[in-house]
Amino acid sequence: FFVLFTAMLRLFSAAVLFAAAAATTSCPRASVEADQEGRLVLGDCFNRTTLGSLLAVLEQQQATIQAQSGMIQQLQQTNEQLQAALCHIAIPPLSFPTNGVAHLTLFSMGDGHIYLAVANFFSDGRNSVDSFIYRWDTAHQALTLVQNLSTAGAVDFEFFMLNGTGFLAVANNQADRYNFDVDSMVYRWSSTLSEFVVVQSIPTHGATDLEFFWVSGVAYLAIANQRTNVNTDFNVASEIYRWDGTAFVLAQSVPAHGGSSWEYFSMDGHSYLALANHYNGSSFHMQSVIFRWDETGGAFVAVQYIPTVGATDWQYFSVDGSHFLAVANFFSGNSYDVDSVLYRWTGTAFTPMQAIPTHGAQDWEFFTVDVTTSSSSSSSSTTATTTTTPSGVEAVLFAAYGTLPGDARSDQLVVRVSETGNVSVTLNAGGGVVQVEAGPPLALQDAEYHDVLFQLTDGVATLEVDDWPAVQAQLPGAFAVLDLLAGPVLGSAAFAGQLARAVFHGVDLLRLAATQDPRVTLVQPGVAIAVETPGGSSGSSG
């Protein structure tokens with residue numbers, strides 16, 4: 001009763017506050033809703049700064065409203081009036097200046113800030129326009145412009161970390177007057193200047209995409225070139241560069257036809273690159289190519305050709321141990337109404353699984369909603385959706401060791417909620433100990449569920465928390481197989497919360513724990529789980 005009463009009081013108070021702000025313009029009803037617990041949910045239609053002050057006033061009014069008799073009945077009668085009044089409020093969403101923006105890249109450098117790189121392609125008949133770097137201002141809930149970068153028809157930014165330093169590469173597609181033979185640039189973050197500085201220019205030809213990745217502990221940057229100035233030739237090689245410790249050097253040129261996108265992925269212990277071929281000067285019906293890394297030859301080798309139609313993007317993802325590739329098909333030469341195609345890995349090749357009607361498709365993006373999936377593209381991964389621990393207490397969510405806990409010489413993988421509330425991972429896989437910490441600026445002790453994904457690919461550890469930018473770290477020394485002799489341990493006495501999902505190497509650990517499988521240890525009494533049992537009924541344990 002108290003929860004319902006409080007929630008409805010909040011609604012009534014909001015009606016009082018917002019009625020004065022009613023305007024002739026309107027916003028979608030979906031921007032203001034009450035969730036299942038009666039809490040008010042506000043979309044981007046509301047100014048975030050104003051919202052904070054409104055909530056403060058709301059708390060003051062709530063004490064007065066609670067003392068009034070018969071309030072619940074009155075609130076029920078005004079509910080429809082509230083919904084009608086809210087739809088008259090039109091506060092502008094968060095916005096920021098751009099110039100013919102072609103791409104947005106969100107990243108973090110581990111300095112406690114979130115950045116957004118805006119690739120500007122065109123403005124006032126010119127391609128030589130600045131691109132922008134914004135930083136999120138938590139206090140004002142807004143993006144602040146921190147740097148302008150001189151670019152030429154920028155179409156993509158790629159952020160990556162090398163030796164603990166942030167780098168940002170930009171794909172410059174063309175200078176003014178259709179000059180496609182223009183250098184793309186690599187920038188390095190200067191902590192002294194607090195800005196990105198140019199460290200390398202790379203000759204490119206109508207560059208359309210950048211892809212950074214690691215293979216066997218070595219960093220690479222792939223660049224998709226689409227066309228040259230010579231006879232508007234689209235049959236230009238796309239290129240793969242290797243980091244030599246000070247700069248990127250050309251490692252491999254790959255024959256291509258209007259290259260538009262690179263996609264790196266790791267699968268079944270092998271590294272792959274997918275190249276989308278867009279156009280050869282006369283036809284959009286092309287053969288796009290899947291390459292696999294040949295450790296002996298030290299290069300990528302073509303292993304499969306896939307028919308595409310004006311392809312603009314590849315997207316790899318995995319679900320429950322199955323591997324998929326989706327291609328965005330843009331134009332057939334006569335029509336933009338071209339099916340894009342989803343392919344599934346059979347163990348030897350990608351085969352068509354589903355044709356999806358699209359209209360000038362240019363990009364694919366894979367995401368999950370209200371569930372967490374494990375990615376088998378990594379050598380080792382663990383996923384958990386958890387509530388958090390009391391403030392100031394470090395708690396283990398997942399642990400597995402090669403020999404003894406705490407022995408730095410043995411292989412280990414430990415996922416913790418740190419004392420600050422962020423998630424940290426300690427890993428030793430034969431290349432020395434590395435620790436990665438990630439999370440939002442605020443601690444996670446909020447009694448809500450949070451998604452944690454950790455992956456290890458070619459000696460690079462990647463940690464993601466919710467939808468915040470991923471944090472990466474490279475294992476010091478040579479990468480070996482992760483040998484975990486002891487069974488995984490879920491939770492700890494210090495962890496007061498619930499695990500809704502925990503997946504390691506594609507194995508659902510909570511399902512095993514619910515059936516009292518001896519291979520999984522569930523620490524009591526800190527953690528509780530609730531999963532569907534193999535018999536189909538919902539049960540809980542611990």
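The figures here come from the full heavy-atom set of this structure, side chains too, leaving out hydrogens, waters and symmetry mates.
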Rounded to the nearest 0.5 Å, how far apart are [atom1] of [X] and [atom2] of [Y]?
X: T312; Y: F284; atom1: OG1; atom2: CZ; answer: 11.5 Å
X: F265; Y: Q315; atom1: CZ; atom2: CD; answer: 11.0 Å
X: T105; Y: L116; atom1: OG1; atom2: CG; answer: 7.5 Å
X: F121; Y: T151; atom1: CZ; atom2: OG1; answer: 10.5 Å
X: E211; Y: I240; atom1: CD; atom2: CD1; answer: 10.5 Å
X: Y241; Y: Q200; atom1: OH; atom2: CD; answer: 8.0 Å

Does F317 have any ring-ring contact (aromatic ring centres under 6.0 Å, His included) partners at least two apart in sequence or in another chain, and if so, which? F324, F366
For F160, ring-ring contact (aromatic ring centres under 6.0 Å, His included) partners two or more places apart: F167, F212, F248
Report the relative orientation of the aromatic rings in F330 and Y336; use parallel for angles under 30°, tilted for 30 to 60°, perpendicular for over 60°. perpendicular
Between Y264 and F213, how do the two ring planes meet: parallel, tilted or perpendicular, split at 30° and 60°? parallel
Give the intermediate values and the outcome of side-chain contact (heavy atoms from CB on, under 4.5 Å) for residues Y115 and L168. CA-CA 11 Å; Y115 297 86; L168 195 62; over 6 Å; no
Between [X] and [Y], is any pair of side-chain heavy atoms under 4.5 Å apart?
X: P307; Y: Q287; value: yes
X: L325; Y: W314; value: yes
X: H205; Y: F180; value: no
X: F234; Y: H278; value: no

Treating [X] as the side-chain partner and [Y] as the backbone partner, does any N or O pair qualify as donor plus acceptor under 3.5 Å?
X: W136; Y: H113; value: no
X: T346; Y: A349; value: yes
X: N173; Y: G206; value: yes
X: S238; Y: N225; value: yes

Nearest heavy atoms of [X] and [Y], plus distance in Å:
X: S318; Y: Y316; result: CB-OH, 3.8 Å
X: N280; Y: S283; result: OD1-N, 2.8 Å
X: D209; Y: W262; result: OD2-N, 2.8 Å
X: D337; Y: H359; result: OD1-ND1, 2.6 Å
X: I114; Y: S108; result: CD1-CB, 4.0 Å
X: Q304; Y: I306; result: NE2-CG1, 3.8 Å

So among N329, T308, N277, which one has a side chain to side chain donor-acceptor pair (under 3.5 Å) with S288? T308
Centroid separation Y220 to W293 less than 6.0 Å: yes
Would you sort out whether M185 and L149 count as a side-chain contact (heavy atoms from CB on, under 4.5 Å), showing the intermediate values? CA-CA 10 Å; M185 313 299 289; L149 298 178; over 6 Å; no
Quick one: side chains of residues 249-261, donor-acceptor pairs under 3.5 Å with protein atoms, not counting sequence neighbours, listed by atom name and distance.
residue, atom, partner, partner atom, Å
Q252, OE1, F300, N, 3.0
Q252, NE2, F300, O, 2.8
H257, ND1, N235, OD1, 2.5
S260, OG, A276, O, 3.3
S260, OG, A311, O, 2.8
S261, OG, D313, OD1, 3.3

Between S322 and R344, do the side chains contain an N or O donor and an N or O acceptor separated by less than 3.5 Å? yes
Evaluate Y187 against F196 for ring-ring contact (aromatic ring centres under 6.0 Å, His included), listing each step before the verdict. CA-CA 6 Å; Y187 300 85; F196 285 98; 7.0 Å; no
